[in-house]
Amino acid sequence: MKTLKPYLIAAAAATAVACSAPHAGACSRVMYQGTDSLFVIGRSLDWKTPIPTNVYIYPRGMKKVSSDQPNHLSWTSRYGAVYAVSYDGGITEGMNEEGLVISGLFCKGTVYNDERASELPQMSMAVFVAWMLDQCATTDEVSALLQKAPFAIQGATFDGGTVSQLHWGVTDKSGKSIIFEFDHGKIHIYDMGDYRAMTNDPNWPQMTAIINYWDKIGGKNMLPGTVSSPDRCVRANYFAHHVKAVDDPDLAVAICRSILVNSCVPYTYEIQGQPELSSTQWRTYSVPCNLRYYFDLVTNPGYYYVDLNKVNLRKGAPVLKLDTSKTSDLVGDATSRLFVTKPFSPMY
């Protein structure tokens with residue numbers, strides 16, 4: 001046991017930090033690795049109240065800005081992408097036509113800005129994911145873009161004043177993954193290496209200490225079973241490493257789904273005295289090799305996908321939308337249910 005002591009101390013300290021955070025959102029992200037460069041990135045969106053989220057597809061060649069403030073960044077999208085847009089006002093995650101996947105998960109330890117924030121170009125949380133997906137094809141390009149020029153994060157609150165304190169997971173078509181976190185104006189970028197899951201608090205260096213501790217114990221006979229962020233991360237990471245690698249994308253999605261569900265919080269689950277506890281509202285599965293993006297609303301009888309290969313992403317093509325509140329009957333390919341719409345209005 002002496003060799004476990006450093007990991008145990010680190011794990012206990014990090015778990016205490018995570019469990020003390022009030023009103024924590026309980027999201028999970030996992031990467032399933034199959035054979036022949038087959039990857040599936042699954043994520044859950046967990047919150048204490050429903051977060052209405054619709055699927056949008058944007059073409060290439062659209063001019064965009066990072067904020068409604070005078071000091072902002074501007075760009076023209078190089079790649080078309082599918083976005084999950086919450087409240088029809090802010091992008092939670094998405095995948096572009098190059099197979100790059102970016103997901104934002106709650107992390108209550110996040111402090112975005114420092115005292116220079118008012119002097120820097122403003123980046124709204126509502127379009128931050130689009131800024132990266134629109135311009136980058138790989139994880140390395142995201143890292144370079146983040147470090148290219150300083151900016152300050154801004155964003156509207158939601159659900160009665162909640163601030164979106166997030167960290168992000170990024171995975172490209174090759175499976176290379178990073179996590180990046182903000183700390184008082186600094187961006188810390190971590191290569192995930194062979195770790196295959198992330199959740200919420202604590203920050204990534206502390207979370208890896210917890211995962212390493214449980215790796216020493218071994219998961220065959222015992223795994224942590226609560227809905228806390230560290231426990232969910234350990235379970236997802238363990239099972240992602242111990243399921244069969246397959247070459248069938250449909251089966252790979254099913255396997256990834258089974259791993260993710262094991263690390264989700266049951267819908268309507270409550271603990272007396274903890275009204276902030278979040279339960280899973282929806283899940284998504286991104287498949288970079290065939291550009292299918294699956295949406296899995298927990299109150300629906302099935303889950304469905306849109307196929308970017310079947311959508312016009314050329315410059316000048318219309319923005320498309322899938323209203324998830326009106327698709328309870330869908331299973332399988334839902335690309336034909338996309339309809340032309342106006343771009344969503346960012347909640348700057």
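The first residue in the sequence is number 1, and the count goes up from there.
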Pairs touching residues 64-83 that satisfy salt bridge (charged side-chain N to carboxylate O under 4.0 Å, His left out), sequence neighbours left out
K64-D134

For Y294, which residues count as a ring pair (Phe, Tyr, Trp, His ring centres under 6.0 Å) partner, sequence neighbours excluded?
Y303, Y305

With a 3.5 Å cut-off and no angle check, do the side chains of S174 and D172 form a donor-acceptor pair?
yes

Write out all pairs satisfying salt bridge (charged side-chain N to carboxylate O under 4.0 Å, His left out) with one or both partners inside residues 333-348, taking only residues at least two apart or from two chains.
K310-D333, D329-R337

Can you list everything that forms a side-chain contact (heavy atoms from CB on, under 4.5 Å) with P52? Sequence neighbours excluded, please.
Y87

Sorted by chain and residue number, the side-chain contact (heavy atoms from CB on, under 4.5 Å) partners of S325 (sequence neighbours excluded) come out as D323

Using only heavy-atom distances, determine whether the side chains of S124 and S67 contain a donor-acceptor pair under 3.5 Å.
no

Gap separating the CG atom of L73 from the CD atom of Q135, nearest 0.5 angstrom
8.5 Å

Is it the case that the ring center of W168 lies less than 6.0 angstrom away from the ring center of F128?
yes

Do R29 and S103 pair up side chain to side chain, a donor and an acceptor below 3.5 Å, judged on atom types alone?
yes

So, does T327 use its side chain to make a donor-acceptor pair with the main chain of L330 at under 3.5 Å?
no

Set of residues satisfying side-chain contact (heavy atoms from CB on, under 4.5 Å) with respect to V261, sequence neighbours excluded
R257, R283

Partner set under side chain to side chain donor-acceptor pair (under 3.5 Å) for Y195, not counting sequence neighbours
N212

Cluster check V340, L338: I/L/V/M/F/W/Y, side chain < 4.5 angstrom:
yes

Between P224 and W214, is any pair of side-chain heavy atoms under 4.5 Å apart?
yes

Hey, could you give me the OG/CD distance between S66 and Q122, rounded to the nearest 0.5 Å?
8.0 Å

Side chains of N200 and R232 only: does a donor on one sit below 3.5 Å from an acceptor on the other?
yes

Under the side-chain contact (heavy atoms from CB on, under 4.5 Å) test, residues paired with T110 that sit two or more places apart
C107, Y112, Q165, F182

CA sep, side-chain torsions, deciding dist, call: D46, T280, side chain to side chain donor-acceptor pair (under 3.5 Å)
CA-CA 4 Å; D46 300 8; T280 299; 2.9 Å; yes

Could you check whether any side-chain heavy atom of Y58 comes within less than 4.5 Å of a side-chain heavy atom of S77, counting everything from C-beta outward?
no

I'd like to know whether F344 forms a ring pair (Phe, Tyr, Trp, His ring centres under 6.0 Å) with Y56, so could you lay out the CA-CA distance, the side-chain angles of the two residues, the decisive distance to 0.1 Å, and finally the verdict.
CA-CA 8 Å; F344 74 90; Y56 282 78; 5.7 Å; yes

If we count only N and O atoms by modelled type, under 3.5 Å, do the side chains of T199 and S28 hold a donor and an acceptor together?
no

With the side chain counted from C-beta on, respond yes when M31 and S177 share a heavy-atom pair under 4.5 Å apart, and no when they do not.
yes

Check against salt bridge (charged side-chain N to carboxylate O under 4.0 Å, His left out), E93 and R43
CA-CA 9 Å; E93 67 151 25; R43 71 82 47 84; 3.4 Å; yes

Set of ring pair (Phe, Tyr, Trp, His ring centres under 6.0 Å) partners for Y304, sequence neighbours left out:
none

Residues two or more places apart in sequence or in another chain: which of them pass salt bridge (Lys or Arg N to Asp or Glu O under 4.0 Å) with D247?
none

In Å, rounded to the nearest 0.5 Å, how long is the span from NZ of K176 to CD1 of I178?
8.0 Å

Could you check if a side-chain atom of V246 sits within less than 4.5 angstrom of a side-chain atom of Y32, using non-hydrogen atoms only?
yes

Return yes if a side-chain donor-acceptor contact under 3.5 Å exists between W282 and T53, otherwise no.
yes

Would L320 and M62 show up in the same hydrophobic cluster when neighbours are defined by side-chain heavy atoms closer than 4.5 Å?
yes

Using 0.5 Å steps for rounding, measure from the OG atom of S286 to the CZ atom of F39.
14.0 Å

Taking atom CG of D88 and atom OG of S345, what is their separation to the nearest 0.5 Å?
8.5 Å

Residues two or more places apart in sequence or in another chain: which of them pass side chain to side chain donor-acceptor pair (under 3.5 Å) with K315?
none

Report the distance from atom CH2 of W204 to atom CE of M198, rounding to the nearest 0.5 Å.
7.0 Å

Residues that Y238 engages under side chain to side chain donor-acceptor pair (under 3.5 Å), provided they are two or more places apart
none

V111 with I153, same ILVMFWY side-chain cluster at under 4.5 Å
no

